[in-house]
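Have a look at the structure below before the remarks.
Just so it is clear, the structure is predicted and the values come from calculations on it, not from any experiment.
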Amino acid sequence: MKSMFALVDCNNFYVSCERVFNPKLSDRPVIVLSNNDGCAVARSEEAKAIGIKMGAPAFKIRHLINAHQVAVFSSNYALYGDMSRRVMQTLSRFTDQIEIYSIDEAFLDLSDFPQNTLADRGQQIAATVEQRTGIPVAIGIAPTKTLAKIASRLAKKSTIETRNRSRRVLKLATTPDIKEALKAVSINDIWGIGHQYAARLNKYGITSALALSRMDEQWIQKIMGINGVRVVQELRGIPCYLLENQPTPRKGVTVSQTFRTELDCFEDLKTAIAAYTSRGAEKLRAQGSAANMMLVFAASNRFRAHYTFHTATAHLPVPTNDTPELIHYANQCLREIHKPGILYKKAGIIFKDLVCESPIQTGLFDTRNRKRSRHLMQAVDTINSEMGRGTIKYAAAGLLSNQKWQPLSRQRSPAYTTNWNHLPMAS
DNA sequence: TCTGGGGTCCTAGGACCC
DNA sequence: TCTGGGGTCCTAGGACCC
């Protein structure tokens, strides 16, 4: 049986989410900014056309925004997460062989569907998603995940160029079709090849996906390691990556943030770290994990001279997801790395070496009442999930909102789908 | 003390992804 | 003035052991 994967990719996902609830935005250039209103992380086609690049800092494109009346949004993850769930649910109606790859992409394994029906099936999937969620998608269908990625990219491109929505599905199954596609795709646009490898390969005169697919595997192994060999094989139609439809537990949990302003006060930094630790501990409990190790880092502004970045780690005596205990170790780490006089711009925490939270393993000299603290954490989590995040928090994490370290979010759209108070009004 | 191969485990850094 | 956040995997090198 020949393998066949589909990649379903939402178009300009965050922008499309904003447009679903605000039809006036259609045909207008729209962008969504990263945290802290820093960079453009999603752009409508109109915004791309006027030259706004992915990741462009907001302050550098201010002139474009003003000149073209670009609609600008802060990111609204409550909305995007919820819309993503709806898209994925819709896809699951077609097959249970689905891998949710990211917030806006999913792979489907279509190997069991009859070959000659795949293109039609793709059209049906795209139409259904758009009808039920309002989100437009492009779909690539091919024998490997890497080729399916390429197919979806080409489908998107040709939909835009021809303004023909039936082009949103592209199937690459025959050798000539695949060869034709690889000729048209630059090496920079291949899944697994970033700008470092692209530059290295360019030096050897390899610029197209077709050229890469013809390279000697041993040579590629030397240049790019085992992952490079896999890319080449996938381009040749030999699957190296299978569908992963069992969600694998996270191996680490990170919470980090760039501050609104630079911090020189230890107490501010300590409050921020406590807030991140608390958020991270919530994430651990939500996935049923406990950490063996935590890492705290703090850094100055990386765009200024004398950049500093320091980390400290704590090996926890017993795996834990208990907020006050973790805050205690976070403080210890922070004291190790904090240097007076440095203007801090970013900090964060990482939990590593995660294990399943139960049963609780107790150390010989462990004096904490872990049963009691687990009940307390459960109560806090329940209240926060019913009443809204942050209803109960640790005083160490700061009770005031709008502190110096909290991020900016000037133009967030309402949480249309997850908060009754933000329901759109018909008028 | 020197000789040598081979194995494991850990960590840091580099590359990639969205 | 203003430049995101959260992941994964691989590899090289060091420490240690037999």
Side-chain angles (χ1 to χ4, degrees), chain A residues 7-10 12-14 31-42 52-63 65 72-77 80-81 84 99-107 145-146 149 152-153 187-201 220-231 240-241 244 247-262 276 279-280 283-284 287 292-293 295 297 299-304 307 309-311 313 315 343 345-354 406-411:
Chain A
L7 176 70
V8 183
D9 191 346
C10 301
N12 317 330
F13 182 58
Y14 298 169
I31 62 172
V32 176
L33 300 178
S34 63
N35 259 27
N36 233 356
D37 292 346
C39 305
V41 290
I52 296 181
K53 300 268 181 276
M54 181 65 178
F59 75 94
K60 283 191 180 171
I61 53 172
R62 191 58 61 193
H63 61 290
I65 292 172
V72 179
F73 291 89
S74 304
S75 33
N76 181 348
Y77 289 104
Y80 311 148
S84 173
E99 172 186 344
I100 298 173
Y101 178 66
S102 74
I103 194 164
D104 67 341
E105 283 170 75
F107 286 103
K145 284 178 160 183
T146 304
K149 275 269 198 184
S152 80
R153 166 179 283 274
I187 207 168
N188 312 280
D189 295 333
I190 300 173
W191 191 41
I193 304 210
H195 67 282
Q196 302 281 1
Y197 285 150
R200 208 178 295 178
L201 292 167
I220 287 295
Q221 162 89 49
K222 265 199 302 214
I223 301 284
M224 297 176 61
I226 188 70
N227 284 324
V229 177
R230 289 181 184 140
V231 169
C240 298
Y241 302 110
E244 291 170 25
T248 45
R250 297 253 159 279
K251 301 194 166 164
V253 164
T254 302
V255 181
S256 77
Q257 224 165 44
T258 302
F259 309 132
R260 185 169 3 166
T261 60
E262 295 175 335
Y276 305 156
R279 176 81 195 104
K283 287 194 194 179
L284 288 177
Q287 66 165 39
N292 271 301
M293 190 175 133
L295 189 149
F297 66 88
S300 64
N301 190 331
R302 69 186 214 274
F303 297 101
R304 288 193 203 282
Y307 177 59
F309 177 96
H310 291 110
T311 66
T313 55
H315 291 268
L343 292 175
K345 181 64 175 169
K346 177 173 176 153
I349 60 102
I350 303 174
F351 296 130
K352 297 214 289 190
D353 293 351
L354 306 189
Q406 285 174 332
L408 209 58
S409 201
R410 283 212 185 88
Q411 335 185 56

Should the heavy atoms of other residues, nucleotides or ligands under 6.0 Å from CD of Glu244(A) be counted, would the total exceed 12? no
When we call it a touch if two heavy atoms are under 4.0 Å apart, what does Arg410(A) touch: a base, just sugar-phosphate, or nothing? nothing
What contact category does Leu295(A) fall into here, base, sugar-phosphate, or nothing, at under 4.0 angstrom with non-hydrogen atoms? nothing
Between Asn35(A) and Met224(A), which has a closest nucleotide on DNA chain C that is more 5'? Asn35(A)
With a 4.5 Å cut-off on side-chain heavy atoms, are Lys346(A) and Ser256(A) touching? yes
Kindly say whether Phe297(A) contributes a backbone atom to a donor-acceptor pair with the side chain of Thr311(A) at under 3.5 angstrom? no
What stems show up for DNA chain B when you take Watson-Crick pairs (N1-N3 plus N6-O4 or O6-N4) and G-U wobbles (N1-O2, O6-N3), both under 3.5 Å, and require three or more consecutive pairs? B:5-18 with C:5-18
Considering every strand and a 4.0 Å limit on heavy-atom distances, what is the contact class for Arg62(A): base, sugar-phosphate, or nothing? nothing
Outermost DNA chain C nucleotides near chain A [under 4.0 Å, heavy atoms]: dC2(C) to dT11(C)
Would the Trp191(A) and Tyr197(A) ring centres measure less than 6.0 Å apart? no
Applying a 4.0 Å non-hydrogen cut-off, can you work out what Asp104(A) is touching in the nucleic acid: base, sugar-phosphate, or nothing? sugar-phosphate
When we call it a touch if two heavy atoms are under 4.0 Å apart, what does Lys345(A) touch: a base, just sugar-phosphate, or nothing? sugar-phosphate
Side chains of Val72(A) and Leu33(A), heavy atoms from C-beta outward: is any pair under 4.5 Å? yes
Hey, does Ile103(A) have a side-chain heavy atom less than 4.5 Å from the side chain of Tyr14(A)? yes
Close side-chain approach of Leu343(A) and Asn301(A), heavy atoms under 4.5 Å: no
May I ask you to say what Asn227(A) touches in the nucleic acid, namely base, sugar-phosphate or nothing, with a heavy-atom cut-off under 4.0 Å? sugar-phosphate
Name all residues meeting the side chain to side chain contact (heavy atoms under 4.5 Å, CB included) criterion together with Arg230(A); count only those two or more places apart in sequence or in a different chain, and write none if there are none. Ile226(A), Asn227(A), Cys240(A), Tyr241(A)
Looking across every strand, which nucleic acid part, if any, lies under 4.0 Å from Ile103(A) by heavy atom: base, sugar-phosphate, or nothing? nothing
Nearest nucleotide by nearest heavy atom, which residue falls closer to the 5' end of DNA chain C, Ser256(A) or Gly225(A)? Ser256(A)
Can a side-chain donor-acceptor contact be found between Asp37(A) and Ser74(A) if the only test is distance below 3.5 angstrom? yes
